[in-house]
2 protein chains.
Amino acid sequence: MVRLARFDAEDFVDAAVALIAEGGGAAASMAAIARKVGAPTGSIYHRFESRAAIIATAWQAMQRAFVDRMAPPLAGGRARDAARGLVAWAREDITRARVFLLYDLEALLDGAPPEALRRSIVAQQEELEEAFRAHVDECARATTQPRDEVAARARFLVFDAPIALLRPHLLAGSQPPAFVERIVDEMHAGDAMPARGAA
Amino acid sequence: MVRLARFDAEDFVDAAVALIAEGGGAAASMAAIARKVGAPTGSIYHRFESRAAIIATAWQAMQRAFVDRMAPPLAGGRARDAARGLVAWAREDITRARVFLLYDLEALLDGAPPEALRRSIVAQQEELEEAFRAHVDECARATTQPRDEVAARARFLVFDAPIALLRPHLLAGSQPPAFVERIVDEMHAGDAMPARGAA
DNA sequence: ATGCATTTAGAATGCACATTCTAGATCGAT
DNA sequence: ATCGATCTAGAATGTGCATTCTAAATGCAT
């Protein structure tokens, strides 16, 4: 007893991510997602209770992959590996990285996502932040700088600087050049700088 | 002959920018802009032909301020001053910087802006890129690195890294701490690194 | 073979928004 | 004092979207 489904949840999630990567959040309308999958719009609601549920499900999965890459090296005090992991992830899955690293969940959602998803996303975020705090603790022990500044420098080195280096390539949807890793390494080594030779 | 206007164009532009800064692009609906100014929605159309025209006008003005800060030092080979100018601008006008540095024009517009505005924005963009190219030329003369890499490093140092350092504070709407300038200087000096003391 | 829970299929609904429209107010030039 | 261009004021319109609804199809358990 049951009719077999032609489309499953993952089809819709993948379509939503692809549409956002190509055309921004507004491009991932229910009609566009359905069209991309080849399903009627109504079928989506047999899998997801709302558009926000699809977007949040996609986000949760991307965040899971991101945290799996970043949290272990951070907790182990290997900040350089974490930054490298970020770049490697972007290389391997440029579509998802483009969405996760360049967009903001709040801006993509229209309404509120299901509570369970919201909690899961917050928990994963907290998981990453705990690993990051461990890293900051370790850095703070080796310096006299105020903790605020240590944390800001670490956040920049591990997250924001690699993302900034990737940004042009994420926007263009093209493979980042090899020197991105080189610059990340230089920054973490702290003994060579990007753009030597500037006036 | 004429009734005097109670609201002028700038009121609407300022309201739109403030709304985007607070709640993202979707928060700047025509109704919300009118409400913020205290005007009826219809009055907006006596000044602007469309929502896209308001957004594009706001963008053009923010970009003008940004280019005025960045292009002269870049053209003069003073990359550090350009990066410092970016941070100083964000400090002085955090609301506009928040919108201009964190959002994307395409994503904010709904339809196409008036052609004249589109052209003006492209021209200002080109003005900045020309100054940037001059800077890259100068950097390229002093190194054996391929020009692609020199350009990427310069773009990072001048634009993306300062923006990444400001990002947490732009998102929070809070004044950036003084060490942002210090880190920018260190990166441009090329002889000290953020987050010394990391494992 | 038949029943029926689940699905496809896509039309109908309702809502939020940009835009347009109608009425009436204002004030400088005459 | 009056005219009329330009404005305020806010209701009406049209569109695009998320969501819901109705009908028909499907295929396993019996």
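Chain letters run A, B, ... following the sequence lines, proteins first, then strands; residues in each count from 1.
Look at CG on B:Asp8: it is 17 Å from P on D:dT6, rounded to the nearest Å. Between the CD1 atom of B:Ile55 and the P atom of C:dT19 there is a distance of 11 Å, given to the nearest Å. Taking atom CE of A:Met30 as the reference point, atom C1' of C:dG14 lies 16 Å away to the nearest angstrom. To the nearest angstrom, P of D:dC17 lies 12 Å from CG of A:Leu19. Distance, A:Leu109 CG to D:dA18 P: 13 Å, rounded to whole Å. One can place CZ of B:Arg35 at 16 Å from P of D:dA9, the figure rounded to the nearest angstrom.
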Open item on the list: salt bridge (charged side-chain N to carboxylate O under 4.0 Å, His left out) for A:Arg96 and A:Asp14? Distances and angles first, verdict last.
Closed with: CA-CA 9 Å; A:Arg96 285 192 171 73; A:Asp14 290 347; 3.0 Å; yes
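For B:Tyr45, taking side-chain heavy atoms from C-beta onward, the closest of the listed nucleotides C:dT20, D:dA9, C:dA9 is C:dT20. Among the nucleotides D:dT19, C:dT8, C:dT19, the one closest to the side chain of A:Phe7 is C:dT8. When distances run from any side-chain atom of A:His46 to the nucleotides C:dA18, D:dT19, C:dT7, the shortest one goes to C:dT7. Checking C:dT19, D:dT19, D:dG27 against the side-chain heavy atoms of A:Leu4 singles out D:dG27 as nearest. Considering only the side chain of A:Ser29, D:dA18 comes nearest among C:dT19, D:dA18, C:dT7.
Between B:Ser50 and A:Ile44, the one whose closest nucleotide on DNA chain C sits nearer the 5' end is A:Ile44. If A:Ala26 and A:Glu49 are placed on DNA chain D by their nearest nucleotide, the residue sitting closer to the 5' end is A:Ala26.
In B:Glu129, the CD atom is crowded: over 12 heavy atoms of neighbouring residues, nucleotides or ligands sit closer than 6.0 Å.
Put simply, A:Ser43 has no side-chain N or O that comes within less than 4.0 Å of OP1 or OP2 on C:dT7. Taking side-chain N and O atoms only, B:Arg6 has no distance below 4.0 Å to OP1 or OP2 of D:dT8. Taking side-chain N and O atoms only, B:Arg51 has a distance below 4.0 Å to OP1 or OP2 of C:dA18.
Taking hydrophobic clusters as Ile, Leu, Val, Met, Phe, Trp and Tyr residues chained together by side-chain heavy-atom distances below 4.5 Å, A:Tyr103 shares a cluster with B:Leu170.
Note on A:Thr41: a base of the nucleic acid sits closer than 4.0 angstrom, heavy atoms only. Across all strands, A:Ala39 comes closer than 4.0 Å to no nucleic acid atom at all (heavy-atom distances).
Taking the six-membered ring where the residue is Trp, B:Trp59 and B:Phe100 present tilted rings, their angle falling between 30° and 60°. Relative ring orientation between A:Phe66 and A:Phe159 is described as tilted, the plane-to-plane angle lying within the 30° to 60° band.
Checked by distance alone, A:Arg3 brings a side-chain donor or acceptor within 3.5 Å of a matching partner on the base of D:dA25.
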